[in-house]
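Below is one structure, written out as structure tokens; the observations come after it.
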Amino acid sequence: MEQKGGVLMQRYELGRLLGQGTFAKVYHARNIITGMSVAIKITDKDKILKLYEVMASKTKIYFVMEYVKGGELFNKVSKGKLKQDDARRYFQQLISAVDYCHSRGVCHRDLKPENLLLDENGNLKVTDFGLSTLAETKHQDGLLHTTCGTPAYVAPEVINRRGYDGAKADIWGEFKFPNWIAPDLRRLLSKILDPNPKTRISMAKIMESSWFKRGLEKPTITRNEDQELAPLDADGVFGACENGDPIEPAKDSKRCNNLNAFDIISYSSGFDLSGLFEETNRKKEARFTSDKPASIIISKLEEICIRLGLKVKKKDGGLFKLEGSKEGRKGSLGIDAEIFEITPVFHLVELKKSSGDTLEYQKLLKQEVRPALKDIVWNWQGEQPQQLQHGVVQKEEQPSYPGISDVAPPQTA
Amino acid sequence: MGCMNSKSVRKFPAREDSLDLAAETAFTVNEVEALFVLFRSISNSIVNDGLLSKEEFQLAIFKNKKKDNIFANRIFDLFDVKKLGVVDFEDFVRSLNVFHPNASLKDKIAFSFRLYDLHNTGFIERPEVKEMLIALLFESDMKLADDVIETILDKTFVEADLKQDGKIDTEEWETFVKRNPSVLKIMTLPYLRDITISFPSFIFNSTNVERVDETSTRL
């Protein structure tokens, strides 16, 4: 099949050359199906990066990555002094990004203004992980040893060739104090610029400093042009459930989607082929069944949200959006909670992360949400130990009579 | 055509084979190569023969070789196009293709119909659905009374079985699915969009040839 001129792998239309280094060229390109702008880095087969897509031929490797329209922070800085508020916002975003990498065991090892890009909204993006490494590649002494980085910016212990802590090296920065630097900022910078990596400030301590925290009370440090929907009045949503009995059943049935037989069958993990691609414990969804009416499930979720500081928004059917106000590693944590009716007194609830950091979500789910839901959970889906526990507790099921509950309740210890 | 021997199957697929599979599916040549990295690891997990057995398939999905499952069995049976009891790489790619986000709705509807036609009668019949529903309830440790199960089946067949003859044919299924899109959610795997990022080591064996460099140099 003949390939069109300028079309890469039948998928991307190549545009102008954006940059060129010793080992690679970077082109602007457009996905010919979706129209999305991307940057494509073309390198010989000696470097590997993971971004939107990886493509290869016999002699070349292609990395498809986000196109960051605003250019390098270096260009902004080289034109003159930044306002302190702007500098702080860039620094907050940089610390957030590097903290995310460290939480995944990745050390960048080439942090400098040329590798900090700005998108069209002025948000910072970290690029060029060509020198990055994983924590697992440390020597037996727990340190990294390869000498790398750009000479003007590299931390002193990297040059000394005695082995270094990659996470500490990423915090190093060179600076002389002009007299207009504020006192709290001087204190912070002195700790960052400590030549001794053992006493140099840690990531967590940076995030605790008063200078860093200024302005973080706002819902997000990321400027976003999408308008956020005004949250619904949570009391108004949940208050309806506390009205008189005659109204409650109708409200419940309207609020939750009914499952047909095929919906129920499709929840089998045997139909879920994502296990081929992902470790089982990293799934986004958690599901549980409950033998309580929807109103009780909703009240319990509301109670949990109040305690965890999450806002609740009501959506269509039985869908609720739970949103954190604190800034996490990947923006605010968002969880979708959806309630499905199997029978009027038996429901399936699905919890799914919709935004934010996966590790944070799983930690919150494991340490806070699941213990708090204990009263209303019949069992969690896809868990062998839970099944065994029910098996032990379960008594012989009583014969079913008209008017008696269709579901045998679990015995409480 | 002809039988593949185990030696040739273990090697990275030839360029022509990758090109052919890419041409007839939503996958690119590189994505086919990345899928081979996946296929090789799961198909050799128990017996190193370059073919995927039902046991290896279950192990790949559940990470537990002892777990048997009526639904995973059903998917495997549909992947096993040649009815040999094992799946080769070509059939693996062609079958996975129906789960690609870009695969046609028509193909997803047809595959899901065969998935639920448990006894291959050409219809989705009430006893088959009941069998699957009970299997799911057992798998999930849900205890529903018999009359509740019948009520769910009644409600479902009232909506799906338009001719009210106790079984769902392909036309009825298409109508039902278009009114209840959630029934098809298992038919799409978003992971298939990121296959080259999930299995990037294919780049070391890629036999792909492209001519874009010459053109891009002139841009």
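Any value given below was found using the heavy atoms of this structure, including those in side chains, with hydrogens, waters and symmetry copies removed. Lettering of chains follows the sequences in order, A, B, ..., and the numbering in each one begins at 1.
- Residues Leu276(A) and Leu189(B) fail the side-chain proximity criterion, which asks for heavy atoms closer than 4.5 Å.
- The shortest side-chain heavy-atom distance between Ser266(A) and Val183(B) does not fall under the 4.5 Å cut-off.
- With contacts defined as side-chain heavy-atom distances shorter than 4.5 Å, the pair Ile186(B)/Asp272(A) does not qualify.
- In terms of heavy-atom pairs under 4.5 angstrom with chain A, the leader among Phe76(B), Phe57(B), Phe71(B) is Phe71(B).
- Taking Thr175(B) as the reference, nothing meets the side chain to side chain donor-acceptor pair (under 3.5 Å) condition, with sequence neighbours excluded.
- For Phe176(B), the part sitting under 4.5 Å from any heavy atom of chain A is the side chain, from C-beta outward, and nothing else.
- With a threshold of 4.5 angstrom between heavy atoms, Ile70(B) does not approach chain A through any atom at all.
- For Lys54(B), the NZ atom counts as densely surrounded, since its 6.0 Å shell holds more than 12 non-hydrogen atoms of other residues, nucleotides or ligands.
- In this structure the side chain of Leu273(A) reaches within 4.5 angstrom of the side chain of Leu96(B), judged on heavy atoms.
- Atom CG of Asn120(B) has more than 12 heavy atoms from other residues, nucleotides or ligands within 6.0 Å.
- Atoms CZ and OG, on Phe262(A) and Ser112(B) in that order, are 9.0 Å from each other to the nearest 0.5 Å.
- Ile149(B) does not touch chain A: none of its heavy atoms, backbone or side chain, sits under 4.5 Å away.
- The closest side-chain heavy-atom distance from Ser274(A) to Phe99(B) is not below 4.5 Å.
- Atoms CD1 and CZ, on Ile265(A) and Arg74(B) in that order, are 12.5 Å from each other to the nearest 0.5 Å.
- Ser182(B) and Asp263(A) make their closest contact through OG-OD1, 2.9 Å (heavy atoms, listed as atom of the first residue, atom of the second, distance).
- Chosen from Ile75(B), Ile42(B), Asn180(B), the residue pairing most often with chain A at heavy-atom distances under 4.5 Å is Ile75(B).
- Atoms CD1 and CE, from Ile264(A) and Met132(B) in turn, are 12.0 Å apart once rounded to the nearest 0.5 Å.
- Gln164(B) CD: more than 12 foreign heavy atoms inside a 6.0 Å radius.
- In this structure, the portion of Ile168(B) lying under 4.5 Å from any heavy atom of chain A is its side chain and not its backbone.
- With a 4.5 angstrom heavy-atom cutoff, Ile195(B) touches chain A only via side-chain atoms.
- Residue Glu159(B) does not touch chain A at all, counting heavy-atom pairs closer than 4.5 Å.
- Nearest heavy-atom pair across Leu153(B) and Ala261(A) is CD2-CB, 4.3 Å.
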